[in-house]
Amino acid sequence: MKMQQLEYFVTVSQCGSLGKAAEKLFTSQPNVSKVIHSLETELGTPLFERNPRGLKLNEYGKAIFEYANGIMTNAGCITSICKQHIPETFSVSTFQSNSLARLLADLYNEYPNIRINHRQANIEEIVRNVETNISEIGIIYISNKHMQSLTNILMQKHLEFEELCSCRACVNAGPKSPIYERDSISYPELSGLHFVSGIQDYFSENNFSRENLGMAGSDAFSISVSSNCNQMRQYLITETDLVDFSLNRSYNGIVDRSIIKRIDITGDEAELAVGYISEKGHVLSEPAEMYIKLLSHHYLLES
């Protein structure tokens, strides 16, 4: 299938006749008819109903028109982009974090002439974004228990993980939580709490926390609500006894810290590694190096 076939098909569909389509395409009517016939032959079915007043899409033609029109529209966008001046772009995927957002603002102040593309994602999506070059680097945190599994996956995809620092997991609790007045909590005690969680992937904090706790089964923690809406999670933590996980060094932005308290989790199981994923052997761009430098400095000040 050729772009010319789709272009002629869309034009004939819009014009309703071969003659009008030929005028719009600056070609002859027999040539338009030949191209449409070749497309119908390739697809193995007619696309138009022919009548004395012209051509009208049949049911199959209607079914593929939107796809063909979308392809032609996107092709036009690609052509337009290629004619534009594209500034230097820094692309990064990260976990949800107000701190990381503030660091991106600092990066923009350092490089006001670059374009910054940021995507918030879970670890699976971050790995995919770096693998497909959607993002130059991906900022993640991961438990020590899952580090080897992550390393094996990255090796298969020709990616690598560079650890910047370590931090600890903690629990966000509101005034109605039974642990609100406490400064710390042990892993075994977590099984008695009710959690609100984000949409999980294999490496998500709630997932590896269940495994580190040493409890078998999917009910190691009581996940009462799952939501990908940060405002919903914040409201539930504030107004109920539900709690959530976060990092103790970098406020993750889903809660109002004037109301919700961050309670440290004790024990070696709560140790997490923070770092970035990149293509193996890739020489980082100057903005990427600066962002990593800002990130390292931020965590150094927090330690």
Side-chain angles (χ1 to χ4, degrees), residues 92-100 120-131 137-157 159-173 179 184-223 226 228 233 237 243-255 262-278 292 295-296 298-300 302-303:
V92 57
S93 294
T94 73
F95 58 88
Q96 195 278 329
S97 168
N98 270 8
S99 296
L100 296 181
Q120 178 181 306
N122 58 37
I123 291 187
E124 289 178 353
E125 293 167 335
I126 290 173
V127 170
R128 188 183 311 117
N129 290 344
V130 176
E131 180 188 16
I137 60 173
I139 309 299
I140 69 167
Y141 62 89
I142 188 168
S143 70
N144 293 332
K145 179 161 186 159
H146 275 112
M147 183 62 72
Q148 188 57 54
S149 297
L150 176 67
T151 300
N152 293 339
I153 291 173
L154 295 182
M155 286 180 61
Q156 296 174 11
K157 298 177 180 294
L159 304 176
E160 58 187 358
F161 173 72
E162 182 71 26
E163 182 175 344
L164 298 176
C165 67
S166 62
C167 60
R168 299 187 64 82
C170 68
V171 172
N172 293 318
I179 64 170
S184 63
I185 186 171
S186 66
Y187 254 77
E189 293 178 287
L190 296 178
S191 60
L193 302 177
H194 297 280
F195 285 84
V196 53
S197 73
I199 304 302
Q200 299 176 23
D201 58 60
Y202 175 72
F203 291 109
S204 69
E205 191 169 315
N206 288 339
N207 188 19
F208 66 64
S209 294
R210 282 198 298 271
E211 293 189 8
N212 287 348
L213 185 58
M215 289 184 162
S218 60
D219 59 346
F221 290 148
S222 177
I223 306 296
S226 295
N228 61 358
R233 290 158 64 189
I237 294 170
V243 298
D244 192 14
F245 286 107
S246 70
L247 305 183
N248 72 338
R249 280 195 183 180
S250 178
Y251 170 53
N252 68 6
I254 69 163
V255 295
R262 192 168 56 188
I263 299 169
D264 289 334
I265 300 174
T266 60
D268 294 339
E269 302 94 333
E271 281 291 327
L272 305 173
V274 177
Y276 67 93
I277 295 171
S278 65
I292 291 170
L295 181 62
S296 300
H298 167 75
Y299 278 111
L300 180 62
E302 289 280 344
S303 59

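All values below come from the heavy atoms of this structure, side chains included, with hydrogens, waters and symmetry mates left out.
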Review point. Considering all heavy atoms of both residues, which atom of Ile139 and which atom of Ile126 are nearest to each other, and what is their separation?
Key: O-CD1, 3.5 Å

Practice item. Working to the nearest 0.5 Å, report the span between SG of Cys170 and CZ of Arg262. Key: 5.5 Å

Point to revise | Rounded distance (nearest 0.5 Å) linking atom OH of Tyr276 with atom CG of Leu164 | key: 7.0 Å

Point to revise | Considering all heavy atoms, the nearest Met147-Phe161 contact | key: CE-CE2, 3.7 Å

Review point. Under the side chain to side chain contact (heavy atoms under 4.5 Å, CB included) criterion, do Ser143 and Leu272 qualify, and how do the steps go?
Key: CA-CA 4 Å; Ser143 70; Leu272 305 173; 4.0 Å; yes

Review point. Once you round to the nearest 0.5 Å, how far does CG of Leu154 lie from OG of Ser149?
Key: 10.5 Å

Exercise for review: Could you check if a side-chain atom of Ile140 sits within less than 4.5 angstrom of a side-chain atom of Leu150, using non-hydrogen atoms only?
Suggested key: yes

Revision key, fill the gap. Taken to the nearest 0.5 Å, the spacing of Asn122 CG from Ser93 OG works out to 10.0 Å

Practice item. Would you give the length of the straight line joining atom CD1 of Ile142 to atom CD1 of Ile277, rounded to the nearest 0.5 angstrom? Key: 8.0 Å

Exercise for review: Measure the CD1-CD distance between Ile153 and Glu131 for me, rounded to the nearest 0.5 Å.
Suggested key: 11.0 Å

Point to revise | Residues which pass side-chain hydrogen bond (donor to acceptor under 3.5 Å, both in side chains) with Gln156, listed by chain and number, not counting sequence neighbours | key: none

Point to revise | Mutual orientation of the aromatic rings belonging to Phe245 and Phe195 [parallel < 30°, tilted 30-60°, perpendicular > 60°] | key: parallel

Point to revise | Heavy-atom pair with the smallest gap, counting every atom of Ala173 and Ile263 | key: CB-CD1, 3.9 Å

Check your understanding: Do Arg168 and Ile265 touch side chain to side chain, with heavy atoms closer than 4.5 Å?
Key -> no

Exercise for review: Please name the pair of heavy atoms, one in Ile137 and one in Ser278, separated by the smallest distance, quoted to 0.1 Å.
Suggested key: CG2-CB, 4.2 Å

Check your understanding: Is there side-chain contact between Leu193 and Ile185, with heavy atoms separated by less than 4.5 Å?
Key -> yes

Review point. Thr94: what forms a side-chain hydrogen bond (donor to acceptor under 3.5 Å, both in side chains) with it, not counting sequence neighbours?
Key: His118

